[in-house]
Amino acid sequence: WVSLAVRIAAVFSLYGMLIQEKVLQAGESLDIAVPIGDFSAPMAIWYAKKMGLPVGTIILGCNENSAVWDLYNLGDIATGETVLETLTPLCDHNAPAGLTRYIYSCLNAEEAMRFEEKRLSGRHYVPSEEDFDRLKEGFFVAVSSISRIDHVIRNVYSTVQYILSPYDALAYGALLDYRSKSGQGSTCLLLSERSPICDDRTVAYALGISVRELEGRLQTR
């Protein structure tokens, strides 16, 4: 809960900074995109929205381990499926940590216990139609493959000379999908909690440069 509180405070602070920088006007709605590692960041944004922060859509980016996509789009999460190893290992989960807490906060304790029972036994969790609608309200989830992560990193750098981490690329890919499907072009905050240097080989490969050259480019920014 301490970590969650820090994230909630950070989201409010970032919104204030965007107003100061005249990116937003006070009260203007803001979409927020994050990768799905654990569920702390999405839940912090959800809480901030409940507290009155004008958040529009919470956009979640998954890798090939797309159980969260299944839950939010199909209303069915297979908690016992084999987890694939990817280049974004912090997102390699079937049921990310914190999802039980979100179900508890969004629905109720009984439903959270039912989900946890399914998770511990590796079975499917299927919420009722009413609960499904409540769980997915205000969220958009998309999946990006390894090849797309490389493409996003390379394309963003060639366009605006900004270096994304693989996790940032998951969130940005999801944002692109959201805008394509919804037709919305509202201001979006991409929350990043991991530097590209933490995944230097993956980022260097995507940009077609050496790790040493990547380090030099990051130091000059």
Atom pair NZ/CD1 of K50 and I45 - distance to nearest 0.5 Å: 14.5 Å
Those residues that, when tested against E215, pass side chain to side chain donor-acceptor pair (under 3.5 Å) (two or more places apart): none
Polar side-chain atom of Y102 near backbone of L135 as donor-acceptor pair, under 3.5 Å: yes
Separation of R148 CZ from D150 CG (nearest 0.5 Å): 12.5 Å
Side-chain heavy atoms of T88 within contact of C91, under 4.5 Å: yes
Donor-acceptor side-chain pairing of D92 and N63 below 3.5 angstrom: yes
Side chain T57, main chain I59, donor-acceptor under 3.5 Å: no
Spacing of R212 atom CZ and I209 atom CD1 [to the nearest 0.5 Å]: 13.0 Å
Residues forming a side chain to side chain donor-acceptor pair (under 3.5 Å) with S66, sequence neighbours excluded: none
Whether over 12 other heavy atoms sit under 6.0 Å from Y205 OH: no
Check: C198 main-chain N/O paired with S195 side-chain donor or acceptor under 3.5 Å: no
With P166, the side chain to side chain contact (heavy atoms under 4.5 Å, CB included) member among V203, L87, I146: V203
Main-chain N/O of A142 paired with D177 side-chain donor or acceptor, under 3.5 Å: no
Atom OH of Y47: over 12 foreign heavy atoms under 6.0 Å: yes
Side-chain touch V83/H93, heavy atoms, less than 4.5 angstrom: no
Heavy-atom donor-acceptor pair, S158 side chain to N155 backbone, under 3.5 Å: yes
Under 3.5 Å donor-acceptor, Q20 side chain and M17 backbone: no
Residues R114 and E111 bridged, charged N to O under 4.0 Å: yes
salt_bridge(E137, R134) N-O dist < 4.0 Å: no
From Y162 atom OH to L190 atom CG, the distance as rounded to the nearest 0.5 Å: 8.0 Å
Any donor-acceptor pair under 3.5 Å from D168 side chain to S165 backbone: yes
Exercise: identify the closest heavy-atom pair between G61 and A174: CA-CB, 3.7 Å
Those residues that, when tested against S121, pass side chain to side chain donor-acceptor pair (under 3.5 Å) (two or more places apart): R123
Pairwise salt bridge (charged side-chain N to carboxylate O under 4.0 Å, His left out) hits with a residue in residues 183-194, at least two apart: R7-E193, R194-D199
Check ion pair D38-R101 (N to O, under 4.0 angstrom): no
T100 and E116 side chains, donor-acceptor separation under 3.5 Å: yes
I36 CD1 to Y72 OH distance, which is reported to the nearest 0.5 Å: 7.5 Å
Cluster overlap Y104 with I58, hydrophobic side-chain contacts below 4.5 Å: no
Name of the residue among L53, L189, I32 meeting side chain to side chain contact (heavy atoms under 4.5 Å, CB included) with Y15: L53
From L71 atom CG to H124 atom NE2, the distance as rounded to the nearest 0.5 Å: 12.5 Å
Sequence-distant partners of D31, side chain to side chain donor-acceptor pair (under 3.5 Å), two or more places apart: none
ILVMFWY cluster, L18 and V11 together (side-chain gap under 4.5 Å): yes
Main-chain N/O of A206 paired to R154 side chain as donor or acceptor, under 3.5 Å: yes
Enclosure of Y172 OH (heavy-atom neighbours >12, cutoff 6.0 Å): no
Side-chain donor or acceptor of S182 paired with backbone N/O of Y178 under 3.5 Å: yes
Polar side-chain atom of K49 near backbone of G56 as donor-acceptor pair, under 3.5 Å: yes
Selection residues 11-26 - residue pairs positive for salt bridge (charged side-chain N to carboxylate O under 4.0 Å, His left out), sequence neighbours left out: none
Test item: I163 and L214 side chains (from C-beta on) under 4.5 Å apart, heavy atoms: yes
